[in-house]
Every structure is written in C-alpha cells, then in structure tokens.
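First comes the structure, then the notes that go with it.
Small disclaimer: the values here were computed from a predicted structure and weren't measured. Atoms within each ligand, like the ligands themselves, are counted from 1 in listed order.
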Amino acid sequence: MIKAAVLGFGTVGSGVVELIDINRESIDRRLPEGIEVKYILDLRDFPDSPYKDRVVHDFNIILEDPEIKVICETMGGKEPAYTFSKKALEKGISVCTSNKELVAAHGPELLKIAAENHCSYLFEASVGGGIPIIRPMNVSLAPESITQIIGILNGTTNYMMTRMEHEEISFDEVLREAQSKGYAEKNPEADIEGHDACRKIAILSSLMCGKTVRYEDIPCEGISSISMTDVAYARSIGRAIKLLGISERDEKAGTFYVRTAPYMVPASHPLHGVEGVFNAVFVHGNLLDNVMFYGRGAGKFPTASAVVSDMVDCAMNIGQNIPVRWSDEVMELSDPGSKTGRFFVRVAASEKDKALDLFEGCKQAAPGCGPEDDFAFVTPPVAEAAFAELLKQFSDVRSSIRILG
Ligand SMILES: NC(=O)c1ccc[n+]([C@@H]2O[C@H](COP(=O)([O-])OP(=O)(O)OC[C@H]3O[C@@H](n4cnc5c(N)ncnc54)[C@H](OP(=O)(O)O)[C@@H]3O)[C@@H](O)[C@H]2O)c1
C-alpha cells in the first residue's frame, strides 16, 4: 500500500478519503499496490467519523513519517498550505492540490522544488473541479500550438446568470438563493467579482505558454453590474451573458491577451449551452481545431475525483518527477486596450443620435426590449481603449458588455 496523508478534512478532503474507499477497485486496477490514507490533518477532531482515528493536528507527524509518499492538500488559502506543501516537496513527498489560490500564486516555484526533489506537484482539481483539463493541457494537447482558451470557470456565477436568464429573478435575489444552497460563500466577492475565474484563467494561460501569467496582471471584471434588463436584451439578440476567462495568443507580437469579464455569448457557440453550476473550457489548437471540456466545476466528489487521479499518478511515479511545463519567467501580456471587439451598449434614448454618430455602423439592439427611455446598440469592432474614450462622451451609460464572436 502506498501511504498518503490528507491536509484539510473539509468538503474536498473528506471527499478524497471517502472516494478512495468507494472506488478502491477502480483505483487498484490502475495502481495494484493500492493507496491508503494514513493521516488526516485538520484543526478539528471528527468524533463521529469512521476516519476519526487517522486525524492528527501536527503536520510534523506526517512530514517525519517515512512511509508517507503522497500528500493531498485540500486546506485552501495560501498559509499554511504553502509552507506545508513546500516542506513536503523538499522531502521528496509528492503533493496534489485543489487549491487554485496557492497554485496561481506559487505554482512555478512549487513545481521547481518538486522537480529538484524527484517528486511531483499536481493540481488537476484547481481548475474546473472535476473536469480533466490540466492533464489534457500537459499531455494530450502537448503537440498543439494552443491559440485560444475560453472558459466558464466559476460555477457560482454561471448558476446565477442561468437563473437570471430563465427565471427572471434579480441579481440580489439570485445571490441570496445561491448562498442558501451553499453554491456561494457568505462573502461572495471572490466569485462575483471574477477573482476566482481570474486565478483559473491565469493557471490555464500559464500552461498554455509555459511561463507565468500573473493573475494580478489580468484585467478582471465580475458580474455584479449585470441587470435583469441586460439579460433580457442578450436573450433578445440570441445570446446569453456568461462570465468568461479568455486567453488568446497574439502570434505576431508573441504575447498573450488575457481577460476575465462578462460576455454576451452567441447561441451558436458551444459555451452558450453551459448552464447552472457546470463549467466548461473551450480550447482551440492550431491543428486540432476546437475541443471543449465540460462537467462539474465544483462539489465534494467531482473535485475529489480529480485530486485522487493526481494522487494515483504520483503513487505510480514515486522517486520520479511528473513534468509540468510552467516556468517562473513572467509572461508579458499584450495591452488590453489594443484588443478589438464589439460591445453591447445601453444609453439614454436622448443620446441615440450621439451613439449613431460616434459608433458609425452600430446596430440598434432589440428595440422595445428594455425601458422606453433606453437606446441599446451593438458597436462595430473597436479597440477597447478607443471604446472607453468614446463611452466617456455619453452622460448616461446604463451598461456596456463585451460581445463574444
Ligand atoms: N469545495 C469545492 O467544491 C472546491 C472545488 C474546487 C476547488 N476547491 C478548493 O479546494 C480547497 C478546499 O476547499 P473546501 O471547499 O474543501 O474547503 P473547506 O470545506 O473549508 O475545507 C478545508 C478544511 O481544511 C481545514 N483547515 C484549514 N486550515 C487548516 C490548518 N491550518 N490545518 C489543518 N486543517 C486546516 C478546515 O478546518 P476548519 O473548518 O476548522 O477551518 C477545513 O476542515 C480550496 O482551496 C478550494 O478553493 C474547492
């Protein structure tokens, strides 16, 4: 038996321990030696759990046990997850994690330590929960030149946008509903302001270019300004509003355009049908063309399934490093202001003539869909910086949302 330890017996960590028991046969088929969770580190005791005897409170017990070959870090947050992961890797113990915050902040450093110590740092569950995307990026898509990734990377916001679209309930109401169902945190900022999706597109972009795309460098907007009226307009023009993480390779400049923001997605795009808590990652490879990975982006067992797949990989490669191409060299991102795209804009009807004048060739969107004193239109392609300047000339801008495609 390969001995493992789980750090953090919360939603994902408890899922990992249970999944290893429930799916033992499947795991043993791939890893005939089997895997056993010897320790569970948590702050609390779990007197009613069948796993209560494995609970410890001192990380050093795990670190100093020579039997432990794999650690699963499902505590979340930067500290002490970072220190514990680093110490384990320095001792040659592989670490698998679902902690996107830590991966986005310290991924390349921990990968380097793993390589130097002949062990592995794997993070399949850090993006898209149960969706296999990190391993495909590292292995299956390795021969491709990936030119574009578009992801619905946050289940909470996708659930909220879907409810607003189909049930016509307001943002505040749907947020309360998401919180009561346990989809949104008490403090929902990381989800609704786009920070969570931003960390995930930073990780995917880093794997795409093999360098570090810093999430702090990515322009990030959430969904908190999206209204029911915007959702209705989107529907009227055959689109749905989704919070997207977008990463595009600028072949000529050798840089990347990366952004997290709400977009109006056309019905013809595969991401349009991704609803509720589901996530999807749409990838374009230069020769492969389009592929899309779809599934549950969160939840106890879907996320645990991804973590355990990494644990099995590590257990099959003890004493060896599973390489991940992601260096600490910072990737310079292209100026987001130079990116050209179309926008949906809503201004006061009194400013219609100005809109027609400033955005020559713009098309009025769904007349009669919103309030009578609205003028809504879709701009022709325009650079982001120029668009922002033009928008300043209106006195009553009610919304502006990017158009995908
Ligand atoms: N939940 C999901 O569906 C999901 C999906 C994908 C990724 N993730 C990521 O996975 C990670 C874990 O998420 P989760 O939802 O499982 O969180 P969670 O339910 O809050 O579990 C974290 C566990 O770690 C424990 N813990 C915190 N600090 C600790 C410390 N210093 N020493 C020992 N134990 C400690 C917590 O104990 P206390 O409760 O006593 O603080 C809790 O039991 C996060 O990074 C999250 O972003 C989660």
Aromatic plane relationship, Y233 with F344 - under 30° parallel, 30 to 60° tilted, over 60° perpendicular: tilted
Protein contact to atom 6 (C) of ligand 1 [nearest heavy atom, distance to 0.1 Å]: T303 CG2, 3.4 Å
Within reach of ligand 1, part of L43 (heavy-atom separation under 4.0 Å): both
Nearest-neighbour protein heavy atom for atom 4 (C) of ligand 1, which is reported as residue plus atom name and distance: V12 CG2, 3.7 Å
The one among P302, G129, S98 that brings a heavy atom closest to atom 9 (C) of ligand 1: S98
Ligand 1 versus P80: contacting region, heavy-atom distance under 4.0 Å: side chain
Ligand 1 contact on M75 by region, counting heavy-atom pairs under 4.0 Å: both
Closest to atom 39 (O) of ligand 1 (judged by heavy-atom distance), picking from E101, R44, K200: R44
Within-shell test, K100 vs ligand 1, heavy atom, strictly < 4.0 Å: yes
Where ligand 1 meets T74 - atom numbers and elements under 4.0 angstrom, heavy-atom basis: 12 (C), 22 (C)
Within the 6.0 Å centroid threshold, strictly below: F84 and Y82: no
Region of F9 that comes within reach of ligand 1 [heavy atoms, distance under 4.0 Å]: backbone
Short N or O distance, A298 and ligand 1, threshold 3.5 Å exclusive: no
G299 neighbourhood, listing ligand 1 atoms whose heavy-atom distance to it stays under 4.0 Å: 2 (C), 3 (O)
Heavy-atom donor-acceptor pair, R249 side chain to G254 backbone, under 3.5 Å: no
Protein contact for atom 20 (O) of ligand 1 (heavy atom, distance under 4.0 Å): no
Neighbour count >12 (heavy atoms, 6.0 Å) for atom CD, Q364: yes
Pair S399, D230: side-chain N/O donor-acceptor within cut-off below 3.5 Å: yes
Aromatic plane relationship, F123 with Y121 - under 30° parallel, 30 to 60° tilted, over 60° perpendicular: tilted
Nearest non-hydrogen protein atom, atom 45 (O) of ligand 1: G76 CA, 3.2 Å
Numbered atoms and elements of ligand 1 in range of N99, under 4.0 angstrom, heavy atoms: 45 (O)
Q393 backbone acceptor or donor facing K354 side chain under 3.5 Å: yes
Atoms in ligand 1 flagged as close to G8, the criterion being non-hydrogen separation under 4.0 Å: 23 (C), 24 (O), 25 (C)
F278 and Y294 aromatic ring geometry - parallel, tilted or perpendicular at 30°/60° bounds: parallel
Polar side-chain atom of N321 near backbone of C119 as donor-acceptor pair, under 3.5 Å: yes
Geometric N/O contact G13 with ligand 1, under 3.5 angstrom: no
Modelled atom types, side-chain donor and acceptor of N99 and E73, under 3.5 Å: yes
Parallel, tilted or perpendicular: ring planes of F394 versus F359, cut at 30 and 60 degrees: parallel
Nitrogen or oxygen of K300 less than 3.5 angstrom from that of ligand 1: no
Atom 17 (O) of ligand 1 touched by protein (heavy atom, under 4.0 Å): no
Protein heavy atom at shortest distance from atom 36 (C) of ligand 1: D42 OD2, 3.8 Å
Heavy-atom donor-acceptor pair, K91 side chain to L63 backbone, under 3.5 Å: yes
